[in-house]
There are 2 protein chains.
Amino acid sequence: MPRTFDRAGALKKLREFYRSHHRPPSFDEIRELFGYRSKNSAFWIVRRLIESGFLRKDPKGKLVLDQLTGVKLLGSVAAGFPNPAEEELVDTLNLDEYLIRHPEQTFLVKVTGDSMIDAGIHEGDLVLVERGRSPKEGDIVIAQVDREWTLKYYQKKAGRPVLVAANVKYPPIVPREELTVGGVVVAVVRKYK
Amino acid sequence: MPRTFDRAGALKKLREFYRSHHRPPSFDEIRELFGYRSKNSAFWIVRRLIESGFLRKDPKGKLVLDQLTGVKLLGSVAAGFPNPAEEELVDTLNLDEYLIRHPEQTFLVKVTGDSMIDAGIHEGDLVLVERGRSPKEGDIVIAQVDREWTLKYYQKKAGRPVLVAANVKYPPIVPREELTVGGVVVAVVRKYK
DNA sequence: TTGACAATAGAACGGTCGTTCTATAATCTG
DNA sequence: CAGATTATAGAACGACCGTTCTATTGTCAA
């Protein structure tokens, strides 16, 4: 192993392995990945990567490739456009970990209709909904109205809950009976094309 | 091991291990996870889970817990609100895998300003940008205008590229010189609170 | 060309891996 | 209660794991 070598390329290979296998590679698999004939060479690659802080090990000695599933988070648009090639990145973000706090109570729902259009939630978007959380005023909730489930702002008027659409076309809804809230919207995801 | 046992609870434990360790547990770790004193018990748990299709193994015999990092995707809102406890779920989705096709060329940028508000992209949202892709008409791009980077629709007028905001406040921009496109927006992510 | 050093190969180690086998304990059945 | 059945324990296996050691090859400078 050279003192300096292609760290980016090496990490890329490990990342790809992790992405497709959902586990870190063994040293023998690393050997194969890099085309060596001796496991020892893989050992040195890993050693160098650990020394330079790009890799680490468990208390149990297992390789940990966290941060390798994430995507680079750069600064804001207006703040000037940083070059991702250079190391000006603010952070590395795993979208699942970033958005989902309680995986067991969270699920995705596809949005139909335009009742929340002014809140920037369009038809076809996916909303991340967390169940079992009591909504606060201003939260967007998924609630049952007339046997139908819809997205609405959760508001209060004279102590009673009111469902308000983010669209002038739809009037506020004051539930007559008990209001059934399916969950609170914690995030919106829109994929183009 | 009973013929029927708490599959949901078992999977939850394995899921939690995977989430925190970023690798599948060994049989000894499974034993510990479930409070047994013999690895053999862990072996039977795994066997049952594989038999019932909740777990599988590599060609190399390693445990694969894919789909365990994801979040349940249910039907659409208007289509009625399915109960996630029941097995009516449409799919299980890993957000990273769903949104990011080319991890190396993709990065996140935080949005400032309101130039794309009518496209449902608000200040504070994160946009997933893919570099090195030539924009098609109608794509949202991150482009350089007067030394500043902004989000705009990419349009063509008389064969020449035009940048159009999704906000009547901002007039279309016809670049005088070469248009520098930093990337194409492939997704929008908004997190509440 | 020779010597020094870096990079890779290859063999060998103890440890942990997944798995199987047999033994014991717990539970059920009649 | 007896006997059968099931669940767990515990020991043992070969295979592969990460690691270390030594040998070989390759590269460069003098």
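Every heavy atom of this structure was used, including side-chain atoms; hydrogens, water molecules and symmetry mates were not.
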Any side-chain heavy-atom pair of [X] and [Y] under 4.5 Å:
X        : Y        : value
A:Lys57  : A:Leu63  : yes
A:Leu108 : B:Leu95  : yes
A:Val188 : B:Asp125 : no

Does [N] have its OP1 or OP2 closer than 4.0 Å to a side-chain nitrogen or oxygen of [X]?
X       : N      : result
A:Arg37 : C:dT8  : no
B:Ser41 : D:dA7  : no
A:Arg47 : D:dT20 : yes

Atom-pair distance ([atom1] on [X]; [atom2] on [N]), nearest Å:
X       : N      : atom1 : atom2 : value
A:Leu55 : D:dG18 : CG    : P     : 12 Å
A:Ile45 : C:dA6  : CD1   : P     : 18 Å
A:Trp44 : D:dG18 : CH2   : P     : 16 Å
A:Tyr36 : D:dT19 : OH    : C1'   : 18 Å

(request) Using a strict 4.0 Å threshold on nitrogen-to-oxygen distance, state whether A:Glu29 and A:Arg23 make a salt bridge. (result)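 A salt bridge links A:Glu29 with A:Arg23.
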
Could you list, one pair per line, each protein nitrogen or oxygen that sits under 3.5 Å from a nitrogen or oxygen of nucleotides 22-27 of chain D, together with the distance?
none

Judged by nearest nucleotide, the residue sitting upstream toward the 5' end of DNA chain D, A:Gly61 or B:Ser38, is B:Ser38

Discussion item. If you assign each of B:Gly35 and A:Pro25 to its closest nucleotide in DNA chain D, which residue comes earlier from the 5' end?
Written reply: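 Taking each residue's closest nucleotide, the earlier one in sequence belongs to B:Gly35.
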
So which atom in A:Ala119 and which in A:Ala166 form the shortest heavy-atom distance, rounded to 0.1 Å?
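Reported closest heavy-atom pair: N-CB, 3.6 Å.
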
Output the distance between atom [atom1] ([X]) and atom [atom2] ([Y]), rounded to the nearest 0.5 Å.
X        : Y        : atom1 : atom2 : result
B:Lys12  : A:Glu104 : NZ    : CD    : 5.0 Å
A:Glu32  : A:Phe27  : CD    : CZ    : 15.0 Å
B:Leu128 : A:Tyr192 : CG    : OH    : 11.0 Å

When you look at CD of B:Glu137, are more than 12 heavy atoms from neighbouring residues, nucleotides or ligands closer to it than 6.0 Å?
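Check passes, neighbour count above 12.
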
Counting any heavy atom closer than 4.0 Å, what does B:Arg31 reach on the DNA or RNA strands: base, sugar-phosphate only, or nothing?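 Answer is nothing: B:Arg31 stays at 4.0 Å or more from every strand.
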
Can you check nucleotides 13-17 of chain C for protein contacts, nitrogen or oxygen pairs under 3.5 Å, and list what you find?
{"unit_1": "C:dC17", "atom_1": "OP1", "unit_2": "B:Ser26", "atom_2": "OG", "d": "3.3"}

Per atom distances to the B:Phe43 side chain, the nearest of C:dT19, C:dG10, D:dA9 is C:dT19

